[in-house]
Amino acid sequence: MVAAVQEELRKIAVQPNGRVPRHVAIIMDGNGRWAKERGLPRSEGHRQGTENLRRIFECAVEIGIEILTIYAFSTENWSRPPGEVQMLLRILETVIDRELTTLHKNGVQLRHIGRLEGIGSRLQRKIRQAMEMTRDNHRLIVNIAFNYGGRDEIVNAVQRIVREGIPADEVNEALLSHYMYTSDLPDPDLIIRTSGELRVSNFLIWQGAYAEYYATSTYWPDFDETELHKAVAEYGRRKRRYGKTDEQIE
Ligand code: FPP
């Protein structure tokens, strides 16, 4: 993109109050419909959707976003046709095989959130290696939600709390947050969903309690830098009240 246009978009994104979300989470929806409208197989939609991540990572860094959480495969996605499930599993492996060195060089810290159990052992190993290799990078933290479900995450947290014998009266919101996959990260400020669907779909249901939601009809493969700037600009116009009145936050 021409530098001047980029600069202009950046100005829009930080206006009117200059707030940039630290943590942005994205439900990357619409790959299938994107492909269908072009007479292409669904796999092509997922391929383009994966390609799209490159420009979104770069743009996120430019905007000043620190953490990006992307919903790549939900615990419910196992019920898709087996061929598509295999493909989505393969995509993650291919991303690690082909992109890890570049992502590492670019200062991206890769993390996985979700259940590793249930994913094949080779892919599990690659995920662990990718996290280990990039753990000291701080330009952008990318959480890949893979085999992730929000309810499953809460169940997992409660199981661990019970197993550790933590007394009931010590269980509070802070403690539960500590047992979530994102324990050391701030909650998402902005959750984006593409493709016009207005659902949470079991994504970050604990952490998203006070997130600002943003929906666009654009399919994920078409969600480009301009779209991300628009979402961030909209976020900048929202008033986050956390249950307080307007007067209290002004
Ligand atoms: C939703 O589109 C998208 C998914 C279930 C998968 C998202 C995955 C990627 C974009 C690949 C990136 C993956 C990794 C591992 C980095 P859909 O298939 O539900 O689209 P539809 O609603 O139009 O059918």
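Since the structure is predicted, the reported quantities are computational estimates derived from the model, not experimental observations.
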N/O donor to acceptor pairs below 3.5 angstrom from side-chain atoms of residues 144-153, sequence neighbours left out:
unit_1	atom_1	unit_2	atom_2	d
Asn147	OD1	Trp78	NE1	2.8
Asn147	ND2	Arg115	O	3.0
Asn147	ND2	Glu117	O	3.1
Tyr148	OH	Glu153	OE1	2.6
Tyr148	OH	Leu204	N	3.2
Asp152	OD1	Arg115	NE	3.0
Asp152	OD1	Arg115	NH2	3.1
Asp152	OD2	Arg115	NE	2.7
Glu153	OE1	Gln207	NE2	3.2
Glu153	OE2	Tyr181	N	2.8
Glu153	OE2	Gln207	NE2	3.0

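- Rounding to the nearest 0.5 angstrom, the gap separating the OH atom in Tyr214 from the CG atom in Leu228 is 9.5 Å.
- Here the side chain of Asp189 pairs a donor or acceptor atom with the backbone of Arg22 at under 3.5 angstrom.
- Remark: side-chain polar atoms of Glu227 are not paired, donor with acceptor, to backbone N or O of Asp224 under 3.5 angstrom.
- To the nearest 0.5 Å, atoms CD1 (Ile65) and CZ (Phe57) are separated by 11.5 Å.
- Remark: the Arg240 side chain and the Tyr210 side chain contain no N/O donor-acceptor pair separated by less than 3.5 Å.
- Taking the side-chain contact (heavy atoms from CB on, under 4.5 Å) definition, one finds that Arg33 meets it with Asp29, Ser195, Glu197, Tyr219, sequence neighbours left out.
- Every residue meeting the side-chain contact (heavy atoms from CB on, under 4.5 Å) condition with Gln109, not counting sequence neighbours, appears here in chain and number order: Arg111, Thr134, Asn137, His138, Ile141.
- With sequence neighbours excluded, the residues forming a side-chain contact (heavy atoms from CB on, under 4.5 Å) with Val171 are Ile161, Ile166, Leu175, Leu176, listed by chain and number.
- Connection of Leu110 to Ile67 is not established within any shared hydrophobic cluster, with ILVMFWY side chains joined at heavy-atom distances below 4.5 Å, either directly or through further cluster members.
- Residues passing the side-chain hydrogen bond (donor to acceptor under 3.5 Å, both in side chains) test with Asp222, sequence neighbours excluded: Trp34.
- Evaluated for a side chain to side chain donor-acceptor pair (under 3.5 Å) with Asn52, the options Arg54, Arg55, Gln48 yield exactly one hit, Arg55.
- A search for salt bridge (Lys or Arg N to Asp or Glu O under 4.0 Å) contacts involving Arg122 returns Glu93, not counting sequence neighbours.
- A donor-acceptor contact shorter than 3.5 Å links the side chain of Arg238 to the backbone of Tyr213.
- Under the 3.5 Å distance criterion, the side-chain polar atoms of Ser183 are left unmatched by any main-chain donor or acceptor of Tyr179.
- Thr245 contributes a side-chain N or O that, together with a main-chain N or O of Gln248, makes up a donor-acceptor pair within less than 3.5 Å.
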